[in-house]
Amino acid sequence: MTLYPFTFQAMAATNEVQVHAATPEAARFAAALAIEEVRRIEAKYSRYRPESVVSRINAAAGFDPVAIDAETAQLLAYANSCYEMSGGLFDATSGVLRRAWDFKKPRVPTERELGPLRARIGWARVERAENTLRLPEAGMEIDFGGFGKEYAVDRAVAVLLEHGIEAAMVNLAGDLAITGPQPGGAPWRVGVQHPRRAGTVVATVDVSSGALATSGDYERYVEVEGVRHCHVLDPRTGHSVRGFQSVTAIGPTCLVAGTATTIAMLKGAGGGQEWLAGLGLPHLCVLEDGAVVDRTGGRPGGAC
Amino acid sequence: MAATEGGEKEAQSDKNGATLATLMRAALALPVLALPVRAQAAEVGEIGFALLGYKERGLMKISEPLMWGKAQIGDNWTVSASALVDIVTGASPELVSNLSGSPMRTVTGASISDRRTAGDLKVTRRFGPLTLGASRAVSNEEDYRSRAFGLDATYELEGKLTTFAAGYGKSNDRVGSADNPDLDERRDTKEYLLGITQVLSPTALVQSSLQWSRGKGYYNDPYKRTLTFYPDAELPILYDDTRPSGRDTLAWLTRFRHHDPGRGTLQADYRYYHDDWGISAHTLEVAYQWDFAEAWSVRPALRYYTQSAADFYGQVVPRPPPETLSSDQRLAAFGGVSPSVRLTWRLDTITVEGTAGYYYNAANLRPGGGTEGFVPLRAYYGLVTIVKSF
């Protein structure tokens, strides 16, 4: 058994798959299927592609319901659980705020711009049926940005394990899943990106098994009068969240780890840490002042 | 009051346990798998076996079968143990005399064969960021016996980028001699360590530690003597190896590691050493581990060493004889180079390593020159290690 690494481009980033296989052929075969799966999900849920499910749903906002397949329905059911569990903070319709926020220009949208957009947010108003979805109002949008990549990590792992791979690591631009310790039993030492210094790590986390996801305020943001406005937006105000530079969590699936960190960011420093502690998942936070809170040690958490 | 707080916490945890369960149910409706969450080191254990061969031209040969095992028990306990047998054959007693006009070493004909058995046991317990360890080591040979005890602690700062280490060790030794059954002397040493490891970047780290020790007791080598002929005297002066009855040492070690993913790892180490016998030493080692195939790596290394002589080092017994004198070459001023190469092969949970190395010590390898009359030392060694982890 040998570890075979592969890198590939998808979702506007460089990604990595490492598989533990008996032969290079078996490794290449399984890795190719996993990479294809990631690209399938990207094409299906990208809002930049006019033929994607997401583009079709958004284009039909205010008109007829759009037919959706089982996978899309289940993903939206997952988004619904996140909406309910987060008290409405995690809202798959909040992407509409991007019309006011241009993170390429150092400017904060005015209340006049944000007000009408906030009115178009509202997951509770989305009409979900078993195999259709309808956005009730023209101008409403749904967005899989908060969970599409995480789902792709989970699917890539499932594809690898279904195709005879014993152990694997999938890393889509920092959201990753690890199915077991390294050959020899050592855990994978995962470096957590420093939220303020590119190319350096703020902490390392040992992971033998599980999915690790990070949300941060450093990927897209603008700084106006010394205040950082990041791309994680509160659907209630339309403004950027405060309290964390980044949040990393380890969960049984990347989907759960990723939405756990996003909801923590949305809840802010106090509520976010309580939320993570309550979930029982190992986590690591970098607070607004740069302080690191490492809760990855101790007992393996999680109810699963 | 406390009970109320506890109750509230419990209620909150219950509620959020339900939160995770709800999210997991929704996630697992999708065609994905749940992975067990383990943010700590896996429960690992290993057993290993090593064999060392050493050949110092005409002087000594050691083979050292060594076995060790290590097991993690639960999340927080680790137990490790090792046992070794050294077999030393060849001539060791030596005499330095100036019989031929200049000082030279004579290896006496009396060949010795000795066997050393040693073992150690170490237990560590992790308390979150703090790890505490306690160890016990014993070593027995015909003319030397050692009992050592150690305590150490490491502490990781939040984020595990910085780790502090501290250690204390105590060793109680007994020195004897195969030639002199009456010799039974003590040597007691206390050792201290302070260290820091800092992760510099995703691929680089630096480690620095300061180690010092205080020793008291018998340091003489009962097998070494110095013999000096004076033209005006009929009988030569024969002087037993006599060293100070204490030794305080200080060592500062700094290591740097830079990993180049998919290619290899650069290692650079520097060590400074000083003791109150007057020896100052510098060691510089550079190595590159090249991962040239999935299961293979090769690690060429080059070490350079240089030391000054001990204050009481001499090849000739002066008149009148001093209080302390040793002609042991290891206390002379010299320099040395040691190239080595290590080949590693990994197959699943088995790792096999083979190392071959060479030592060359000589006076002219010390900048400015070493002790005149230093007999160059050439030695070869080979080491084979097999480790199975589970």
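The chains referred to below are lettered A, B, ... by the order of the sequence lines, with proteins before strands, and numbering in each begins at 1.
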*Report yes if the side chains of A/Cys82 and B/Leu23 come closer than 4.5 Å at any heavy-atom pair, otherwise no.*
yes
_A/Leu212 versus chain B, the contacting section by heavy-atom distance below 4.5 Å_ = neither
*Just by distance, do the side chain of A/Arg155 and the backbone of B/Val32 share a donor-acceptor pair under 3.5 Å?*
no
*Residue pair A/Gln74 / B/Pro31: nearest heavy atoms and the distance that separates them*: OE1-CD, 4.4 Å
*Side chain to side chain, B/Leu30 and A/Asp154, heavy atoms closer than 4.5 Å*: no
_Please classify the contact of A/Val256 with chain B as side chain, backbone, both or neither, using a heavy-atom distance under 4.5 Å._
side chain
*Could you look at A/Val293 and say if it's the side chain, the backbone, both or neither that has a heavy atom under 4.5 Å from chain B?*
both
*May I have all residue pairs that pass salt bridge (charged side-chain N to carboxylate O under 4.0 Å, His left out) and include part of residues 191-200 of chain A, sequence neighbours excluded?*
A/Arg196-A/Asp217
*Below 4.5 Å, heavy atoms only, C-beta onward: do B/Lys160 and A/Thr296 meet side chain to side chain?*
yes
_Side chain proximity check, A/Pro252 to B/Met24, heavy atoms < 4.5 angstrom_ = yes
*Sequence neighbours excluded, which residues qualify as side-chain contact (heavy atoms from CB on, under 4.5 Å) partners of A/Thr261?*
A/Ser215, A/Val247, A/Ala249
_Is B/Leu161 close to chain A through its backbone or its side chain, or both, or neither, when contacts mean heavy atoms under 4.5 Å?_
side chain
_pair B/Leu35-A/Ser209: side-chain heavy atoms closer than 4.5 Å_ = yes
*Non-hydrogen atoms of A/Tyr78 and B/Ala26 that approach each other most closely*: CD1-CB, 3.5 Å
_Structural part of A/Ile250 lying under 4.5 Å from a heavy atom of chain B_ = both
